Amino acid sequence: MHDEGNFPHRVWQIIAAIPFGRVATYGDVAQLAGSPRAARQVGGVLRRLPKETTLPWFRVINRHGRISLQGDDLLRQRDALEAEGVEVSDDGQIDMRVYRWRG
DNA sequence: TGAATGACAAATT
DNA sequence: TAATTTGCCATTC
């Protein structure tokens, strides 16, 4: 079935293009995917990724420069980002002026 | 087929 | 300035 142009596939492609050590917002990914108002759906796609995915899902954060996940998932995302040089302050804030990638 | 869901974002209090 | 509400829309059930 020809499902290469559907929304999830476009989201995967865009996230795969986020450079090492950079981040993008859900809204940015949605816009690049051609649906500027579908930021929420981007989260929906990432939410269903298999746990063993190679996609750099952790490079996607919200527009406030903060991680949207909670609990253990939040800790894992923060560690993954810091592991590639993205600084996350004690209160979970990331400097978007430095790390944000807009395509 | 339609209601429910939600890793967001903008508007409103 | 921070908390709450409203709008949003692809996917799931």
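Reminder, nothing fancy here: chain letters follow the sequence lines and each chain counts from 1. Quick note: numbers below take in every heavy atom, side chains included, and nothing from hydrogens, waters or symmetry partners. This is a predicted model, so every value here is computed, not measured.
Distances were taken from every side-chain heavy atom of Y26(A) (C-beta onward) to each of dC9(C), dC8(B), dT11(C); the shortest belongs to dC8(B). For F7(A), the listed nucleotide lying nearest its side chain is dT11(C); candidates were dT11(C), dA9(B), dA7(B). If you check dA10(B), dG6(B), dC9(C) against the side chain of R40(A), the one that comes closest is dG6(B).
Atom pair L46(A):CG and dT12(C):P shows a separation of 13 Å (rounding to whole Å applied). Note: CZ (R63(A)) to C1' (dA9(B)) measures 6 Å, nearest angstrom. We find that CD of Q31(A) is positioned 14 Å from P of dC9(C), with the value rounded to whole Å. Protein atom CD1 of I14(A) is 14 Å distant from nucleotide atom P of dA10(C), rounded to whole Å. Rounded to whole Å, atom P of dA7(B) lies 17 Å from atom CG of L75(A). The distance between atom CG of D28(A) and atom P of dC8(B), rounded to the nearest whole Å, is 14 Å. What separates CD of Q41(A) from P of dT5(B) is a distance of 15 Å, to the nearest Å. Rounded to a whole Å, the CG atom of N62(A) is 14 Å from the C1' atom of dG6(B).
Annotation for D91(A): atom CG counts as buried by contact number, over 12 foreign heavy atoms lying within 6.0 Å. For E87(A), the CD atom sits in a loose shell: 12 or fewer heavy atoms of surrounding residues, nucleotides or ligands are nearer than 6.0 Å.
Side-chain atoms of Q77(A) come within 3.5 Å of backbone atoms of V60(A) as a donor-acceptor pair (strictly under, hydrogens ignored).
Closest non-hydrogen pair, R59(A) versus L81(A), comes out as CA-CD2, 4.2 Å. Of all heavy-atom pairs between A17(A) and W101(A), the closest is O-CZ2, 3.7 Å.
Between R37(A) and dC8(C) there is no side-chain polar atom (N or O) within less than 4.0 angstrom of OP1 or OP2. Remark: S68(A) is in phosphate contact with dC8(B), judged by side-chain N or O atoms under 4.0 Å from OP1 or OP2.
The side-chain heavy atoms of T25(A) and M96(A), taken from C-beta on, include a pair separated by under 4.5 Å.
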* Please test R76(A) against D73(A) for salt bridge (charged side-chain N to carboxylate O under 4.0 Å, His left out), starting from the C-alpha separation and ending with a verdict. => CA-CA 5 Å; R76(A) 286 201 287 98; D73(A) 289 331; 2.7 Å; yes
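A heavy-atom distance below 4.0 Å to DNA chain C is reached by none of the residues of residues 79-89 of chain A.
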